[in-house]
Structures are given as C-alpha cells and as structure tokens.
Amino acid sequence: MEVVTRFAPSPTGYLHIGGARTAIFNYLFAKKHNGKYLVRIEDTDQKRSTSEAVKAIHDGLNWLKINTNEKIVYQSSRLNSHTKIAYELLDKGCAYKCYLSNDELQDLRIKSRENGIPIKSPWRNKSVNKPDKEFVIRLKMPSEGTTVINDIVQGEISVQNEILDDMVILRSDKTPTYMLSSVVDDYEMAVTHIIRGDDHLNNAFRQIQIIKYMNWKEPYYAHIPLIHGTDGSKLSKRHGATNVFEYHKMGYTSDAMFSYLLQLGWSSSNEDNYEYSKAVELFTLEKINKSPSKFDIKKLNNINSKFLNNMDVNEVYDLICKSFNLNLENTQKNRLKGLLPELLKRVNVYTEIRDDIEWIVNESFICTDNDHQKILNANLTILNEISLLLDSCSWTKDNINSTLKNYIINKNLKFKEIGYPLRLALTGKINSPDLVSVIYELGCTIVTNRLNYQY
RNA sequence: GGUCCCUUCGUCUAAUGGUUAGGACACCGCCCUUUCACGGCGGCAAUACGAGUUCGAAUCUCGUAGGGAUCACCA
C-alpha cells in the first residue's frame, strides 16, 4: 500500500507555525515511506478564504521546502462530489433532513448544554419531505455503543456514541460542511494517514461515522499536539510571530526553522539538529510526544546560529543581499564575503549584521560619532604610525598580525591601547571581528585612508 | 459544565519495572583572548501531589491538583 499524506490548511491567513509543523510531519512521513504528500486548500468558506492567503501558505511551504510536487487540490472545486455523498447517505437512511429553525436550534443548544446530551433533532426519526421548506442534512449518529480510534500518536481512545451529535453535513444553501468535505476528499485522494493537529481529535470520532456508513477503509490517524507559547497557553501573537514566513524576514534560515519545528514534540535519540535527509531517514510518527510543547525562541536562535555558521558563505551572502536589497560590486562583495564567517559567529539571525554592512561595503566610510571622534583625535599619532607600517607590509594575516604586535612591543603599549582606536577608526564600532581579519579584508588602501583621516 | 487528552530540570527532551534520572538550549562560573563573539572545561536545575501493586515505580493502577482540546449551517 502506498502511503499518502496530506496537509490541508484553510486559506484564511498566513501559514501558522503550528500548521507548518503539521506540514513537516506529513511531508516527512510520506518521504520516509516513498509515498505521496499532497496539499489541499480547504477553501469551502468563501467568505473567509482569500487568494492572498493561498499565496501566503505557498510562500511558507516553499520557504521551508515542503511544498508538494503533486497537483494542489482546491476543495471548492470538489463540492459536487461532497454533495453527492450527502444525498447518498440520505438515501441509505444514514442521514436525514432537518427542518429546525435557528430559534428552535438555539433552544435545543441551551438545553443540551444543561443536561450534557448532544443535540438530537426531532426530525431524526421522521422521514417527511417538505418540498417548499429549507432543510439541512444531518448525519444520523449511532446512539449506542462506543467508537474506538487507534491513533498513532494518542493511542487507543474511545468515546461513547451517545455523546456524538447529529452533525450537519449539508447546509441549507446546499453546500457541504467541512465535516463532510474533508472526509470525502481524504477518501477520494486515497489518503492513508491523516496527520493533523489534535484540535481535530474530537472531529475524528464524528467523521469516522461517515466512513463507516460508506464502507470506506478507515485511514490511520495521527493527531499531534498543538504548540503552546511560553506561558502554556495556545500560541498566539503575544508570544511573538506566529507566521512562519515572518521568521524568514527576521533572518532565520529555513533549514533551522525546519529542524527546530521538527524537534518541537518529536525526537529521535542521539541527534541535536536535523537536516532534511537525516530527518527523512529517522522520522517516525510513534516518536511524537503526546503533550504539547512550548515554542522557545532561544532554542531556535541557537539552532539558527549553528546552521548559519555551517552554511556555504555564498549561500548566506545571497540571503543577505536579498534581505537588504544589496547590489554590490566585486570588490565590495569580496570584502563582505571575507568577513562573513567572522560576523556570523556573533549573531543569531543574519539580519543582525545590518549595522556592519556600511563599514565593510562603503570605501569612504569614516567614523561619524562625536565621542568616538574625540578618542580618535587623541590617538592620531598611533593611528598614523600604524598606517605607515601597514602600508609597507606585505598583505597577509600573519604579517599584519606581527606588524601590530611589534608596534606595541616597541612602544611598550598594551594591545588594548591600539585596539580600541583602531577598531573605532576602521569600523566605527566598539565591537567587531578581530582586527587582523578586519584589516586584511578591508585592504591596504581603505585601511590607510581611514587611519589617516583628519576628523 | 459534558467529553477527550496531557503532566520528567526554566525550555525541548532521553530513560521498554532495576541509571548516581542522561543530553541539548537558557542561565552562572572559570579558561582562552584584542573588543564583542566562537571555542574548551565546570556548575545550577526535574519525575505535579497522594495512595496502591511490586523485592524494586518516572515507568503499572486508582485518586487529587493543574493545564490543554472540543462542544457551529467555521475549518
């Protein structure tokens, strides 16, 4: 049997972190078993669905490199199939027409809440036809016995059938509800494993009745716990960005995000970080934890910085250029690339090096801060002398290093005493990569210019 | 409120009835050092609580507490 999974977001916003993780699990499980991973856009709620949201979801999936190769299924294009099944269930006697008005429904709802029994429409056992009246089609839930689901993540769970309500499968405007559409689509797309958030666990017990009535093969279920914020409540905006694509804009790499999301609620012993092929190799649904985990940006930062420092310089360079809209000449490009490994050691996200671009890229950069200029003025002799020495030094890191070292020995200075003004003159900053690298990558001309500048 | 689920360091997790309860992140300290970092070494820190079963419980059972999900003609 070929494994088929699907990720089924509704296009009402961006790709949420939780959704992204669900997609990752679906993606990995399918890849692991050489199966198919499908994406279905659940856009049956025309009022809330937008094309911008569809695009946002694709952006998110593409960024994480977990979009499907298969054709995207739009649920709205399949409504006829769903409706057909609703009437089939009606014909079989597994569903019924319900003529309850909104007011009547409201009353029933209040009563059902009071006595803890789900809504049972009075039309359940009447097979009347009122051709001129609006109706909805409700599924006739079994009223006795128990339904058991063997969930791969949650284990064996059973509920009493009497607590299942006769859910609406076809609205009065003849459109199918999610409860119907989702089941029919999963069946017709031949989905074998339904991997989704555990907010759907309760739905599973109701949806599975349709499958039973239709004599379809039951899929495997894996209901994964939701991601929570640091305070234990459902992840929301006040915990930080919940849109995965925001993390792209913030300067996280997709590989780091992928690895972090994967580790949130799943682990295979002995590994810290997972790149794609490793993840595919090791992934199993059984190792997903049952308890919800909390989103921790600090861990993501750590993972991102590790990925950043192991990435190819050209790749990071491209990300940075895109992010900052840079279009550099070759000499500028080489300086930036040369210093990139050093700069990346200092940051969690690559956007943090924004402040360093100027002194690296701009040939005529000079330190403009007033207080810093005072310090530079006080050290002009040192700067000029070092400039002179560097000017006549053959340009290797070793030579630059010994030039500086010899200078402080001759002048009986501590490195700190030349390091501070040198750093300010060259970078305009108090903190920077080590001076030898800075001097080497900037090159002799720029260095001597900056060291001889009259403030 | 009904139903279902969950609970190991602050966080992510490991430990299939026998471990000194392990690792990672964060935090703290020391070393390295040219600032900030990186790196190296070390430290702090957990089985929610209470019973029971057992020679032995984080692990099995029950209860309690806390947390979460859900209860639409939304998905």
Side-chain angles (χ1 to χ4, degrees), chain A residues 8-12 42-45 47-49 75 98 100 102 105 109 112-119 134-138 149 151 153-155 157-160 162-165 167-179 181-182 197-206 223 225-226 228 230-234 260 263-273 287 289-303 305-306 309 341-347 401 404-405 408 414-420 422-424 427 429-436 438:
Chain A
S10 50
T12 54
E42 307 216 318
D43 56 350
T44 52
D45 185 349
K47 272 176 235 139
R48 295 201 303 149
S49 302
Q75 198 158 56
C98 168
L100 238 33
N102 276 339
L105 208 51
R109 203 167 280 142
S112 85
R113 187 101 186 190
E114 276 168 3
N115 56 30
I117 296 165
I119 296 174
E134 272 199 344
F135 62 89
V136 299
I137 297 183
R138 290 181 181 274
I149 286 181
D151 192 280
V153 173
Q154 307 283 339
I157 302 163
S158 57
V159 301
Q160 300 295 314
E162 60 184 11
I163 66 124
L164 269 19
D165 69 323
M167 65 188 183
V168 172
I169 55 176
L170 200 77
R171 302 187 187 97
S172 52
D173 65 0
K174 304 290 178 287
T175 59
T177 60
Y178 160 79
M179 284 303 201
S181 299
S182 172
D198 70 4
D199 49 337
H200 285 293
L201 185 57
N202 292 281
N203 289 339
F205 289 92
R206 306 199 286 162
H223 286 95
L226 267 21
H228 286 181
T230 38
D231 59 356
S233 65
K234 199 172 136 188
Y260 175 62
Q263 289 172 69
L264 210 52
W266 177 85
S267 79
S268 89
S269 25
N270 301 329
E271 292 285 331
D272 280 343
N273 294 313
K287 291 290 253 176
N289 272 314
K290 292 168 91 167
S291 57
S293 35
K294 297 173 185 169
F295 187 86
D296 181 12
I297 193 87
K298 286 179 182 161
K299 181 89 172 187
L300 175 61
N301 281 338
N302 176 268
I303 292 173
S305 112
K306 281 189 178 140
N309 283 288
E342 279 300 317
L343 291 170
L344 291 176
K345 279 183 192 166
R346 278 143 243 268
V347 299
N401 189 32
L404 297 179
K405 289 274 158 67
I408 57 168
K414 288 186 176 150
F415 199 100
K416 215 189 286 180
E417 295 171 84
I418 67 162
Y420 187 38
L422 274 177
R423 180 166 285 113
L424 283 181
T427 71
K429 303 181 73 173
I430 296 169
N431 302 324
S432 79
D434 79 286
L435 281 169
V436 175
V438 168

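Quick note on labels: first sequence line is chain A, next is B, and so on, each numbered from 1.
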Query raised in the report: Is there a Watson-Crick or G-U wobble partner for A57(B) with both distances under 3.5 Å, and if so, which one is it?
Result: none
Query raised in the report: Which part of the nucleic acid, if any, lies within reach of Val436(A) when heavy atoms closer than 4.0 Å are counted: base, sugar-phosphate only, or nothing?
Result: base
Query raised in the report: How is Pro118(A) classified with respect to the nucleic acid when contacts are heavy atoms under 4.0 Å: base, sugar-phosphate, or nothing?
Result: nothing
Query raised in the report: With sugar-phosphate meaning primed atoms plus P, OP1 and OP2, does Ile157(A) contact a base, only sugar-phosphate, or nothing at under 4.0 Å between heavy atoms?
Result: sugar-phosphate
Query raised in the report: Can you find an N or O donor on one side and an acceptor on the other, under 3.5 Å apart, linking the side chain of Asn302(A) with the base of A24(B)?
Result: no
Query raised in the report: Out of A75(B), C73(B), U3(B), which has the shortest distance to the side chain of Asn202(A)?
Result: U3(B)
Query raised in the report: For Lys298(A), which residues count as a salt bridge (Lys or Arg N to Asp or Glu O under 4.0 Å) partner, sequence neighbours excluded?
Result: none
Query raised in the report: How would you label the contact of Ile303(A) with the nucleic acid (heavy atoms, under 4.0 Å): base, sugar-phosphate, or nothing?
Result: nothing
Query raised in the report: So what does Lys306(A) touch, heavy atoms closer than 4.0 Å: a base, only the sugar-phosphate, or nothing?
Result: sugar-phosphate
Requested in this report: Using the C1' atom on both, measure U59(B) against G17(B) and round to a whole Å.
Outcome: 7 Å
Report task. Describe the nucleic acid contact of Ser291(A) in one word from base, sugar-phosphate, nothing, applying a heavy-atom distance below 4.0 Å. Result -> sugar-phosphate
**Report entry** Non-neighbouring partners of Lys294(A) that pass salt bridge (Lys or Arg N to Asp or Glu O under 4.0 Å), sequence neighbours left out
**Finding:** none
Report task. Rounded to whole angstrom, note down the P distance from G10(B) over to U20(B). Result -> 23 Å
Query raised in the report: What nucleic acid atoms does Asp434(A) come within less than 4.0 Å of, heavy atoms only: base, sugar-phosphate, or nothing?
Result: base
Report task. When you get a sec, tell me which of C73(B), U34(B), A75(B) is the closest nucleotide to the side chain of Arg48(A)? Result -> A75(B)
Query raised in the report: What do you reckon, is CD of Glu417(A) surrounded by more than 12 foreign heavy atoms closer than 6.0 Å?
Result: yes
Query raised in the report: OP1, OP2 of A75(B) versus side-chain N and O of Thr44(A): anything below 4.0 Å?
Result: yes
Requested in this report: Assign Ser182(A) to base, sugar-phosphate, or nothing according to its heavy-atom contacts below 4.0 angstrom with the strands shown.
Outcome: nothing
Query raised in the report: Rounded to the Å, how far apart are Lys47(A) NZ and C73(B) C1'?
Result: 9 Å
Query raised in the report: Going by heavy atoms in the side chains, are Ser432(A) and Arg346(A) under 4.5 Å from each other?
Result: no
Requested in this report: Just compare C73(B), A69(B), A15(B) and give me whichever is closest to any side-chain atom of Thr177(A).
Outcome: C73(B)
Query raised in the report: Taking the C1' atom of each, how far is A46(B) from G23(B), in whole Å?
Result: 14 Å
Query raised in the report: So, is Lys290(A) close to the C6(B) phosphate, meaning a side-chain N or O under 4.0 Å from OP1 or OP2?
Result: yes
Report task. Please measure how far the P atom in C9(B) lies from the corresponding atom in A58(B), and state the result in whole Å. Result -> 14 Å
Query raised in the report: Which nucleotide sits closest to the side chain of Pro292(A): C6(B), C5(B), C73(B)?
Result: C6(B)
**Report entry** Shortest side-chain distance from Asn289(A), nucleotide among C73(B), U13(B), U34(B)
**Finding:** U13(B)
**Report entry** Presence of salt bridge, Asp165(A) and Arg138(A), under 4.0 angstrom
**Finding:** no
Query - Ile163(A), nearest nucleotide to its side chain (from A37(B), U3(B), C73(B)) - result: U3(B)
Query - Inter-residue atom distance Ile418(A).CD1 - Leu404(A).CG, 0.5 Å rounding - result: 5.0 Å
Query raised in the report: Nearest of A14(B), A72(B), C36(B) to any side-chain atom of Arg346(A)?
Result: C36(B)
Query raised in the report: So what does Val168(A) touch, heavy atoms closer than 4.0 Å: a base, only the sugar-phosphate, or nothing?
Result: sugar-phosphate
Report task. For Gly265(A), report the nucleic acid contact type (base, sugar-phosphate, nothing); a contact means any heavy atom under 4.0 Å. Result -> sugar-phosphate
Between protein and nucleotides 9-11 of chain B, what N or O pairs are separated by less than 3.5 Å?
unit_1, atom_1, unit_2, atom_2, d
U11(B), OP1, Lys294(A), NZ, 3.4

Requested in this report: With heavy atoms under 4.0 Å as the rule, sort His228(A) into base, sugar-phosphate or nothing.
Outcome: sugar-phosphate
Query raised in the report: Among U70(B), C38(B), A75(B), which nucleotide sits nearest the side chain of Lys345(A)?
Result: C38(B)
Query raised in the report: P atom, U61(B) versus G18(B): distance in rounded Å?
Result: 16 Å
**Report entry** Listed nucleotide nearest any side-chain atom of Asn431(A), set C36(B), U34(B), A69(B)
**Finding:** C36(B)
Query raised in the report: The side chain of Leu264(A) lies closest to which of these nucleotides: A26(B), U34(B), C12(B)?
Result: C12(B)
Requested in this report: Assign the ring pair Tyr260(A) / Phe295(A) to parallel, tilted or perpendicular, where the plane angle (0 to 90°) is split at 30° and 60°.
Outcome: perpendicular
Query raised in the report: Mind checking the C1' distance from A14(B) to U54(B)? Whole angstroms is fine.
Result: 25 Å
Query raised in the report: Can you tell me if the side-chain N/O atoms of Arg109(A) get under 4.0 Å from OP1 or OP2 in G1(B)?
Result: no
